[in-house]
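Keep in mind that what you see is a predicted model, and the values were worked out from it rather than measured. For the single chain, residues carry numbers from 1 onward in sequence order.
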Amino acid sequence: MRYLLLLIFLLSSMDLNAAYYRSNIVGQQLEEVQSAPTSGWYLEVFEGKETLYKDGMVESERSWNEESESITTKNGTRTLTFKDGRRDSETFEDGTFIRYTYTDDGILKRAIVSRDGEAEVVIDYNYSKTSGLSSVKHTDLSRSFFSKGSLSYVDNGESVHVTILPNNHFVREVYNGEGNVEDILSEARVAENGDVVVKEKLGAFDLITTYSPTGLILREETYDGETMVSHVEYNYDDKEVLLSSVKVEGESETRKYYNEKGRVDLEERYVSGLIDVTRKHQSDGRILETIYKGGYAYSEILLDKDGLRVLDLKMLR
């Protein structure tokens with residue numbers, strides 16, 4: 001009986017359904033093999049967990065699900081979170097935190113690096129219409145910044161970023177905000193309360209975005225010269241979950257309410273203080289739009305997931 005229990009314990013502790021792959025230093029799956037190799041780089045993959053070995057010794061471990069991914073190496077653990085399939089944030093053991101922001105089209109726009117709740121670096125990603133990503137600008141907010149993989153500092157007014165590669169190889173990049181790419185022009189600074197303020201050109205307009213020290217978007221202001229054209233305020237709960245936003249543009253005010261996944265549940269538009277249009281996002285992705293006249297509901301329009309095609313129309317009065 002004792003031997004039977006021991007056998008059951010050994011079998012239960014083995015990853016009987018694990019898959020093995022020959023690999024390399026960056027953990028790529030190259031060739032599937034029947035069992036763990038006795039030498040070289042190889043991967044063991046089992047139920048949302050991937051372990052990279054070299055000559056039988058663990059080099060790194062990676063585990064993941066739909067919302068997060070955790071990577072552990074000899075240098076510590078790095079945790080990533082995702083929203084709608086896009087990287088939302090990264091957390092490091094040394095207190096470094098990175099939050100990413102995207103355009104409405106889902107293209108990576110900016111990353112804010114903070115440490116222990118204080119913003120330290122702003123990274124802007126700039127694109128060309130013909131060649132895609134054209135430049136990456138690091139602004140270290142007038143303070144030096146060092147992490148296990150990079151170093152940023154100011155040298156004669158220029159932002160210098162040094163990337164530390166394996167075997168102590170270094171790549172030095174200097175950014176001075178000059179060049180022929182129009183949308184590279186941006187300025188970042190830290191306000192007295194610790195918030196990060198970024199000013200950038202959007203065609204003929206200026207966009208000023210205010211972030212919290214950990215990269216949450218708090219406010220967006222659009223200017224035509226010295227005149228404010230519109231502004232958006234974002235509201236969060238104590239756990240930094242986005243609850244609502246309010247956009248004011250002339251006599252129009254648009255309110256958006258978000259669910260726990262950061263997606264819009266309800267939109268309300270007011271004109272001169274009167275309700276004008278509401279949009280309720282259904283669980284199946286379709287949108288129920290209600291149009292008002294004189295503050296009273298006038299009609300309901302059922303829209304497809306794209307918010308453009310009309311599926312049904314109902315007059316309310």
Side-chain angles (χ1 to χ4, degrees), residues 13-83 85-100 102 107-108 110-115 120-121 123-127 131-138 140 144-153 159-175 215:
S13 63
M14 295 173 61
D15 292 343
L16 298 178
N17 296 320
Y20 296 92
Y21 300 85
R22 295 193 185 280
S23 186
N24 50 31
I25 191 173
V26 295
Q28 292 177 303
Q29 293 184 10
L30 300 179
E31 173 193 4
E32 187 171 5
V33 293
Q34 294 298 317
S35 59
T38 57
S39 63
W41 294 91
Y42 68 92
L43 283 169
E44 179 186 71
V45 182
F46 180 73
E47 292 186 351
K49 183 177 180 181
E50 190 176 80
T51 305
L52 178 64
Y53 294 85
K54 181 185 180 184
D55 298 331
M57 303 296 292
V58 175
E59 290 290 319
S60 66
E61 293 181 339
R62 183 173 75 96
S63 57
W64 66 89
N65 55 44
E66 292 183 356
E67 297 180 350
S68 66
E69 177 179 335
S70 181
I71 302 171
T72 301
T73 67
K74 296 175 182 178
N75 295 324
T77 299
R78 176 168 62 109
T79 302
L80 300 87
T81 62
F82 301 90
K83 286 184 179 179
R86 297 193 294 263
R87 183 178 299 189
D88 181 61
S89 69
E90 290 187 62
T91 304
F92 297 79
E93 283 190 359
D94 65 356
T96 301
F97 180 78
I98 306 175
R99 194 185 303 275
Y100 299 92
Y102 298 82
I107 298 175
L108 179 60
R110 181 171 295 125
I112 293 182
V113 182
S114 61
R115 188 192 297 273
E120 294 189 328
V121 178
I123 306 173
D124 283 294
Y125 299 87
N126 304 286
Y127 301 85
S131 61
L133 182 64
S134 59
S135 64
V136 181
K137 178 185 177 183
H138 293 249
D140 71 357
S144 296
F145 167 77
F146 176 77
S147 71
K148 293 174 181 176
S150 64
L151 168 69
S152 295
Y153 58 94
S159 180
V160 180
H161 182 73
V162 179
T163 302
I164 305 171
L165 301 177
N167 299 321
N168 290 324
H169 293 297
F170 295 85
V171 176
R172 184 175 185 269
E173 301 166 289
V174 179
Y175 301 94

Side-chain touch [X]/[Y], heavy atoms, less than 4.5 angstrom:
X	Y	result
Y102	R87	yes
Y20	V45	no
W64	E50	yes
R115	D94	yes
I71	T77	no
R62	K49	no

*Please check if the side chain of S23 supplies one atom and the backbone of L43 the other of a donor-acceptor pair under 3.5 Å.*
no
*Quick one: CG on N24 to CH2 on W41, what's the gap to the nearest 0.5 Å?*
8.5 Å
*To the nearest 0.5 Å, tell me how far I123 CD1 sits from I112 CD1.*
10.0 Å
*Could you list all the salt bridge (Lys or Arg N to Asp or Glu O under 4.0 Å) pairs where at least one residue sits in residues 71-80, not counting sequence neighbours?*
E59-K74, R78-E90
*Taking the inter-plane angle between the rings of Y42 and Y53 on a 0 to 90° scale, is it parallel (under 30°), tilted (30 to 60°) or perpendicular (over 60°)?*
parallel
*Which residues satisfy the salt bridge (charged side-chain N to carboxylate O under 4.0 Å, His left out) test with R99, sequence neighbours excluded?*
E240
*Non-neighbouring partners of R22 that pass salt bridge (charged side-chain N to carboxylate O under 4.0 Å, His left out), sequence neighbours left out*: E31
Test of understanding: with side chain to side chain donor-acceptor pair (under 3.5 Å), list the residues that count as partners of [X], not counting sequence neighbours.
X	result
D88	none
T81	S89
T79	none
E32	none

_Nearest non-hydrogen partners of G76 and E93, listed with the distance_ = CA-OE1, 3.7 Å
*Residues that D55 engages under side chain to side chain contact (heavy atoms under 4.5 Å, CB included), provided they are two or more places apart*: S39
*Applying side chain to side chain contact (heavy atoms under 4.5 Å, CB included), name anything that partners S60, two or more places apart in sequence or on another chain.*
L52, T73
_Set of residues satisfying ring-ring contact (aromatic ring centres under 6.0 Å, His included) with respect to Y100, sequence neighbours excluded_ = none
